[in-house]
Asker: 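Take this structure, written in structure tokens, and hold onto it; I'll ask about it next.
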2 protein chains.
Amino acid sequence: MSEKERKKATIYDLSVLSGASPSTVASVLNGTWRKRRISKDTASKILSLAREHDYTANLQARALRSSRSGLVGLLLPVYDNRFFSSMAQTFESEARKRGLVPMVVSGRRDPEEERRTVESLIAYAIDSLFIAGATDPDGVHEICIRAGLPHVNIDLPGKFASSVIADNRQGAEALTSAIIRHAETLGRLGSNDVYLFGGRDDHASRERIAGFHAVKQSVFGAVTKGDIEITGYSPGATALAFDRFFDKHGRLPKCFFINSSINFEGLLRFMGRHDGEAFGDIVVGCFDYDPFASFLPFPVYMIRPNISKMLERGFELLEEPKPLTIMITPELVPPRTALEGPLDALKDPSPPFVFAD
Amino acid sequence: MSEKERKKATIYDLSVLSGASPSTVASVLNGTWRKRRISKDTASKILSLAREHDYTANLQARALRSSRSGLVGLLLPVYDNRFFSSMAQTFESEARKRGLVPMVVSGRRDPEEERRTVESLIAYAIDSLFIAGATDPDGVHEICIRAGLPHVNIDLPGKFASSVIADNRQGAEALTSAIIRHAETLGRLGSNDVYLFGGRDDHASRERIAGFHAVKQSVFGAVTKGDIEITGYSPGATALAFDRFFDKHGRLPKCFFINSSINFEGLLRFMGRHDGEAFGDIVVGCFDYDPFASFLPFPVYMIRPNISKMLERGFELLEEPKPLTIMITPELVPPRTALEGPLDALKDPSPPFVFAD
DNA sequence: TGTGATTGCACCATCGATGGTGCATAATTG
DNA sequence: CAATTATGCACCATCGATGGTGCAATCACA
């Protein structure tokens, strides 16, 4: 309470103030005092002193001593996209729900940087790591193994560690069917009106492409060669792919599947360079959900992975002794849909003022 | 290298292996060895041993001893929105650029939770804190002061600590002028065709409202009463506001200003419940940038705060002895604009495969 | 060859918290 | 009332790294 409290109080300060030994203070404050047979009187005296001096444990010190830091890491490729930012949001709640403190970092799709950021997490002695979308999962896995760090892959298949992944194959089929069905209501459709853009040589993209082709096969009987264009997870490269397509065919495909919302941003760039005619009659599917994208001026079907279920399962898998892979079914979101998200769970403290007109 | 390396190597391990004392090992590994007059030979022997056993310092221990953790915190209200997720992304690069490790947390617009999450950061002995959009800035400030923690406010005015804020007033004026000008090209416009939705009783909202009214005043000569509706930062409440307006007037305002992209999501929900006619001729301004929102089927002007400049200044202000407030001019983004973002700085390791058609 | 300076490093206390061990004192039992 | 058990707590080493201090060995110089 006193004004001079510049430095944080420690158990030693409270020890002096209360007359108890530091270890007694520690055990009172960390809850182990019952089994250490500390009297209720001593405990409550220390607790009230602690409150008075707003003591909070130095978790670095605790971690050092007990080799459990209470930190859980989440490695993302990037933050600024609705899929990963919802994941960060949900991860934070899930971690805190379990009494853990989340540390979210981004590897920016650079194997080198992924490694460095994970090393930095390990240096702070995180207890476990969630890996969501590393470019080099095996490299990260390797580092975790070396450090004896429990980890799970999220939205990524794991050869060595447990994984929770979206059912990319099934989601891609649902999405492909939906856009083809919609496009067919707008006019005759052939196999060469249906394309896929984005992705790279990773598990998710491969599965999505397989689902895409499977549906095309069953609808059209045949698959057009060259109906996919792999652009990496780069808006710029994806925009170029659309430019190339447009230059060649004088229009965009009637119906196409975009591998992720990051690739979708490539389409936005293309749109920024053309007027409405270039995309007046297209039907788009995107494997990712973004509420704003859902309301663009053409039908956009989206797939929303069930992030909270994926993370919940992830926490369960951490306990699991041997590697398992769990698949979670994503949701198909029809065009013009504004789903509720983690934002809606917030309580806004200021009651809205209604205007009187 | 050996397989048995379960536990991480410490300076004591390297001390035994090298024959040098632990303190020598430490000083070699943390770079202070030159001024401790350790010979080059000893140093390089230890360094190669360290590499061989891939030693990384236990930063918890270092932090405990040196009372500098190397952690910088960022308190966000929420992650999953383009403004804050770009901020997280940029913050991470800026922090790492300075050799610091970022810890990003979200207070979810709950004063209680803001306090708790900041306490948890302090418990891990972060060196400094960036506060971006706390619901109760003074409460958080109070905690920082108590803990002797240097902190700056980002996008928030600071009575007590330094702040970097967007020029809300000027941005709002630019935005309001832009949407009015655009709407006037579509038809005659009166003061009561121009509204503002969203925000709450905070500095940013007040400034924006002031700018909004100033422009209306100068354009129309008078300000319609009840032309703003404060809804809090809640998509749900904002959607209700649009519903109410629509029920009352049979249409949306011809021209309106949305206080933030979170409130914009309320408009999306409204849109999901109505067909295109309800918003066929509207002109919208939003004080936040989202690339997808920029391409919605009506003109959307957006304001993009200059996040990287704000954060850079923030790091500078941490050094500053006395509180300062710096204002950064945001950018007006015309409709149908897909700006590059932090994503574009990424190097995507997989070269795109171009399809042959 | 003796004296002083320099080099190269070891020693040790310390950061804050933890938990095993041990020892008084008090309560219970026969 | 002596012997036993229970209660309540203090003591101490420890986690890994840091940096001030001190000391032996080597070197320079007269």
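Because the structure is a prediction, the values reported are computed rather than measured. Lettering of chains follows the sequences in order, A, B, ..., and the numbering in each one begins at 1. The basis for the numbers below is simple: all heavy atoms, side chains too, and nothing from hydrogens, waters or symmetry mates.
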Asker: List the steps, then state whether side chain to side chain donor-acceptor pair (under 3.5 Å) holds for B/Asp202 with B/Tyr233.
Answerer: CA-CA 11 Å; B/Asp202 59 13; B/Tyr233 291 106; 3.1 Å; yes
Asker: Are the charged groups of B/Arg115 and B/Asp136 less than 4.0 angstrom apart, N to O?
Answerer: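 Here B/Arg115 pairs with B/Asp136 in a salt bridge, since their nearest N and O are under 4.0 Å apart.
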Asker: Can any side-chain N or O of A/Ser69 pair as donor or acceptor with the backbone N or O of A/Leu71 at less than 3.5 Å?
Answerer: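 Checked: pair present.
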Asker: Any side-chain heavy atom of B/Arg96 within less than 4.5 Å of one from A/Thr117?
Answerer: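 With C-beta onward as the side chain, the pair touches.
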Asker: Write out all pairs satisfying salt bridge (Lys or Arg N to Asp or Glu O under 4.0 Å) with one or both partners inside residues 12-40 of chain A, taking only residues at least two apart or from two chains.
Answerer: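 For residues 12-40 of chain A: none.
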Asker: Just by distance, no angles: are the side chains of B/Asp41 and B/Ser39 close enough, under 3.5 Å, to form a donor-acceptor pair?
Answerer: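 Their side chains do not contain a donor-acceptor pair, so the 3.5 Å distance test is not met.
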Asker: B/Glu92 and side-chain contact (heavy atoms from CB on, under 4.5 Å): which partner among A/Leu76, A/Val105, A/Val104, A/Val78?
Answerer: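 Filter result, single survivor: A/Val105.
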Asker: Let me check something: any side-chain donor-acceptor pairs from residues 307-323 of chain A under 3.5 Å, sequence neighbours excluded? List them with distances.
Answerer:
unit_1   : atom_1 : unit_2   : atom_2 : d
A/Arg313 : NH1    : A/Glu316 : OE2    : 3.4

Asker: Within residues 31-40 of chain B, find the residues that approach DNA chain D with a heavy atom at under 4.0 Å, and present them sorted by residue number.
Answerer: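 Here the set is B/Arg36.
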Asker: Report which part of the nucleic acid A/Thr42 touches: base, sugar-phosphate, or nothing (heavy-atom distance under 4.0 Å, all strands).
Answerer: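 The answer is sugar-phosphate, as A/Thr42 gets under 4.0 Å only of primed atoms, P, OP1 or OP2.
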Asker: With a 4.0 Å cut-off, would you call B/Arg146 and B/Glu142 a salt bridge?
Answerer: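 Salt bridge present between B/Arg146 and B/Glu142.
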Asker: Rounding to 10 degrees, work out the angle separating the end axes of the helix from C/dT1-D/dA30 to C/dG30-D/dC1 (five pairs an end).
Answerer: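 Rounded value for the end-axis angle: 50°.
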Asker: Without swapping roles, check the side chain of A/Gln60 against the backbone of B/Ala61 for a donor-acceptor pair under 3.5 Å.
Answerer: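 Judged by distance alone, no pair lies under 3.5 Å.
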Asker: Which of residues 11-30 of chain B have a heavy atom under 4.0 Å from DNA chain D?
Answerer: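 Under 4.0 Å from DNA chain D: B/Ile11, B/Tyr12, B/Ser23, B/Ala26, B/Asn30.
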Asker: Has the side chain of B/Arg98 got a donor or acceptor atom that lies under 3.5 Å from a matching backbone atom of B/Glu94?
Answerer: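 At least one qualifying donor-acceptor pair exists.
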Asker: Hey, does A/Ala57 reach any base, or is it just sugar-phosphate, or nothing, if we go heavy atoms under 4.0 Å?
Answerer: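 Answer is sugar-phosphate: A/Ala57 comes under 4.0 Å of backbone atoms only.
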Asker: How far apart are the C-alpha atoms of A/Ser93 and A/Thr90, what are their side-chain angles, what is the distance that settles it, and do they pass the side chain to side chain donor-acceptor pair (under 3.5 Å) test?
Answerer: CA-CA 5 Å; A/Ser93 330; A/Thr90 309; 5.9 Å; no
Asker: Would you say A/His53's side chain and A/Arg51's backbone share a donor-acceptor pair under 3.5 angstrom?
Answerer: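 Not at all, since once roles are kept as given, no pair shorter than 3.5 Å links the two residues.
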Asker: Extract, from 5' to 3' on DNA chain C, the first and final nucleotides lying under 4.0 angstrom from some heavy atom of chain A.
Answerer: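 So the outermost contacting nucleotides come out as C/dG16 to C/dG20.
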